[in-house]
Amino acid sequence: MGLLSSLRPHRRGALSGGGGGQWQWSFLDAVWVVFLLAVVIFLALVFTPRRGEPLSTASSALAGAVVPPCAASEVDLLPCEDPRRSSRLSREMNYYRERHCPARGEAPVCLVPPPRGYRVPVPWPESLHKIWHDNMPYGKIAERKGHQGWMKQEGSYFIFPGGGTMFPDGAEQYIEKLAQYVPLKSGLLRTGLDMGCGVASFGGFLLKENIMTLSFAPRDSHKSQIQFALERGIPAFLLMLGTRRLPFPAQSFDFVHCSRCLIPFTAYNGSYLIEVDRLLRPGGYLIISGPPVQWKKQEKEWAELKAMALAFCYKLITVDGNTAIWKKPTEASCLPNQNGFNIHLCSTDDDPDQAWYFKLKKCVSKVSLAEEIAVGSILKWPDRLSKPSARASLMDNGANLFELDTQKWVKRVSYYKKSLGVKLGTAKIRNVMDMNAYLGGLAAAVVSDPVWVMNVVPAQKPLTLGVICDRGLIGVYHDWCEPFSTYPRTYDLIHADRINSLIRDPISGKSRCDLFDVMLEMDRILRPEGTAVIRDSPDVIDKATQVARSIRWTVQVHDSEPQSGGTEKILVATKTYWKLPLT
């Protein structure tokens, strides 16, 4: 019998009177009823979120237990890029291919398993050229794009010759071609954005020129191109240019590259070219290879692109076959001007750095400090890494905070390596995420290690990502009460400084989501045998330790650096490599 039936009041004696029956209640029956009501009220209180503190029912229930594995079909779970949800959404401006996350409590509460045959990834730099086939056994790209040099299967590996649709002979030859017109080898350019990147060979081969390119593409029919890029150890991100601004601040990148990305730059009143202009640093370069540049049957689109770029006062440097290169002016926008596209400046209340779930605008943002942070004015790499830019000066006491943060992280990283056993600087760690990057101090401190760092600035905190980009580093805005736009098993090390601040409302101080949900997401994107480092108060670390054990992490808790003088604790955890049982 169930709980309710076992607590049902007893029916006493016979029915009295002629036609209508009555219940005969004893004192014991009344006690049972009161007990039943108390149980119902208790369950309602436990599983109903308090106002201002939304908690997942499942997360609250499971935080102290071992979380079960997801089904084998969920090995590539992407909560916010799920085609089962997006297929029901509007196709207008590719809205359905943007982020659309499940409502709180709807996401599965389970541990994403690795695919059968999964192995610890091939280490960098060997991984640039080959990865294990079984880590993502998807051959569609190899079948469709192998003749263009994207990738091919050889035995137990996928091999990456370095080609692409517009550079089938290899990214290195293509980069040499671009270097005739774009200063890719002088330190003048450091950060790039590669739109519609395929398996990111372009960004991968630029790394030897000390250029950090963030490559992005949406989840599409190839399914796993960004997953391949990250498995290779190349900076990459799941993203779609649709109806919203991309999650980066204004003037973030020294160049923007599109190789057959098929973005209709002049459509929707030029909204996409306006977004590129927002992201491109003054004096930076826009490189477009493929349609519509001198492309058959796209003469009208090519003419419109040239005319619109001219309206922005971009200088057309060259048209070499199907590749066009423009240079953005170093001074403030030349708008307003007479142009045939009705492009104008945004009002003064527009903040060009706002980019988290922020709709695209059909106006050009006014940007302060344009000339001070332009390519050619900002320091060359690597000097720009250690010097605060003009953008840092906009912060209260910005230059001093920059120096203090830089020094702090040099000490912290040294402590991690020497005392905590974090394997930074070894072949064990390539892809690193800083969940609370602030000014990019962690990334700056590991710049000499064979790693790259995704600097995440929480969207509800001060928008300091522009300062990080000025240093020659890369990153994105994100809200950690939602899943991150990446595939499972894509980072070797995830660092969370003051993890509780990621879920707390900065105004009310109340929790916006649950620590369990954040750490479950960390587990999704962390590779088996990967490392998580969490810093916070002793109380928070105690809670994080309980959650870590429930998601099968092995845990050590340490004191903070001796010279810090703080009471902070540091949790260092390893994600265990477990497998689904054979069926």
Side-chain angles (χ1 to χ4, degrees), residues 121-131 141-142 144-154 157-217 222 225-237 253-261 284-291 293 317-327 375 380-382 427 430-431 450-452 472 474:
V122 175
W124 180 266
E126 190 181 0
S127 62
L128 177 64
H129 305 287
K130 67 178 184 179
I131 64 170
I141 298 179
R144 294 183 178 181
K145 301 289 186 178
H147 66 288
Q148 296 173 349
W150 282 42
M151 57 185 284
K152 58 184 178 179
Q153 184 178 350
E154 288 186 2
Y157 295 101
F158 279 124
I159 305 297
F160 298 86
T165 303
M166 296 306 300
F167 43 93
D169 295 327
E172 290 179 294
Q173 290 187 32
Y174 178 66
I175 289 167
E176 290 297 324
K177 170 185 170 181
L178 297 181
Q180 300 174 50
Y181 314 104
V182 181
L184 295 174
K185 300 173 181 285
S186 64
L188 196 64
L189 304 182
R190 163 65 180 173
T191 60
L193 184 67
D194 190 12
M195 312 172 78
C197 61
V199 293
S201 289
F202 176 70
F205 282 94
L206 276 174
L207 287 167
K208 73 175 185 177
E209 307 296 345
N210 276 322
I211 290 178
M212 185 66 66
T213 306
L214 181 53
S215 303
F216 80 81
H222 298 315
Q225 52 188 325
I226 292 300
Q227 191 176 16
F228 280 117
L230 288 161
E231 184 76 4
R232 298 173 70 189
I234 301 171
F237 187 56
F253 298 98
D254 302 338
F255 69 87
V256 174
H257 175 259
C258 154
S259 174
R260 198 176 173 84
C261 65
Y285 294 83
L286 172 59
I287 305 163
I288 299 178
S289 291
V293 179
I317 294 175
T318 189
V319 179
D320 186 342
N322 298 119
T323 299
I325 302 174
W326 289 267
K327 191 174 190 297
V375 171
K380 289 185 176 182
W381 179 262
R430 171 61 184 169
N431 299 353
V451 303
W452 67 273
I474 58 173

Pairwise distance CG(N322) to CE(M166) - rounded to 0.5 angstrom: 4.5 Å

I287 and V256: CA distance, side-chain angles, deciding distance, side-chain contact (heavy atoms from CB on, under 4.5 Å) verdict: CA-CA 6 Å; I287 305 163; V256 174; over 6 Å; no

Backbone of G192 reached by a side-chain donor or acceptor of D254 within 3.5 Å: no

Close side-chain approach of V182 and L189, heavy atoms under 4.5 Å: yes

Distance-only side-chain donor-acceptor flag, S289 / T323, under 3.5 Å: yes

Close side-chain approach of P291 and R260, heavy atoms under 4.5 Å: yes

Qualifying residue for ring-ring contact (aromatic ring centres under 6.0 Å, His included) with H257, from F167, Y285, Y174: Y174

C261 to G196 - nearest heavy-atom pair and separation: CB-CA, 4.2 Å

Nearest-0.5 Å distance that lies between atom SG in C197 and atom CZ in F216: 8.0 Å

Shortest non-hydrogen contact between F160 and L128, atoms and distance: CB-O, 3.8 Å

R190 side chain near N210 side chain, heavy-atom distance below 4.5 Å: yes

Interatomic spacing from CD1 in I474 to OG1 in T191 - rounded to 0.5 Å: 8.5 Å

Contact summary for P161 and M151, nearest pair of heavy atoms: CD-CA, 3.9 Å

K327: partners by side-chain hydrogen bond (donor to acceptor under 3.5 Å, both in side chains), with sequence neighbours left out: none

Test side-chain contact (heavy atoms from CB on, under 4.5 Å) applied to L184 and L178, step by step: CA-CA 8 Å; L184 295 174; L178 297 181; 4.0 Å; yes

S127 versus G233, closest heavy-atom pair with distance: OG-N, 4.3 Å

salt_bridge(K208, E172) N-O dist < 4.0 Å: yes

Closest non-hydrogen atom pair between S215 and G203, with its separation: OG-CA, 4.4 Å

Residue pair F237 / I226, side-chain heavy-atom distance below 4.5 Å: no

Close side-chain approach of W326 to I288, heavy-atom, < 4.5 Å: yes

Distance (rounded to the nearest 0.5 Å) between T318 OG1 and K177 NZ: 8.5 Å

Minimum heavy-atom distance between W452 and A236, given as atom pair plus value: CH2-N, 4.1 Å

Between CH2 on residue W381 and CD1 on residue I211, distance to nearest 0.5 Å: 11.5 Å

Y181: side-chain hydrogen bond (donor to acceptor under 3.5 Å, both in side chains) partners, not counting sequence neighbours: D320

Straight-line distance of I234 CD1 to L207 CG, nearest 0.5 Å: 7.0 Å

For K185, salt bridge (Lys or Arg N to Asp or Glu O under 4.0 Å) partners two or more places apart: E176, E209

Residue pair P235 / M212, side-chain heavy-atom distance below 4.5 Å: yes

Close side-chain approach of Y157 to I131, heavy-atom, < 4.5 Å: no

Residue pair L286 / I325, side-chain heavy-atom distance below 4.5 Å: no

Residue pair F255, T213: steps toward the side-chain contact (heavy atoms from CB on, under 4.5 Å) verdict: CA-CA 9 Å; F255 69 87; T213 306; 3.8 Å; yes

Donor-acceptor contact below 3.5 Å, side chain R232 vs main chain V199: yes

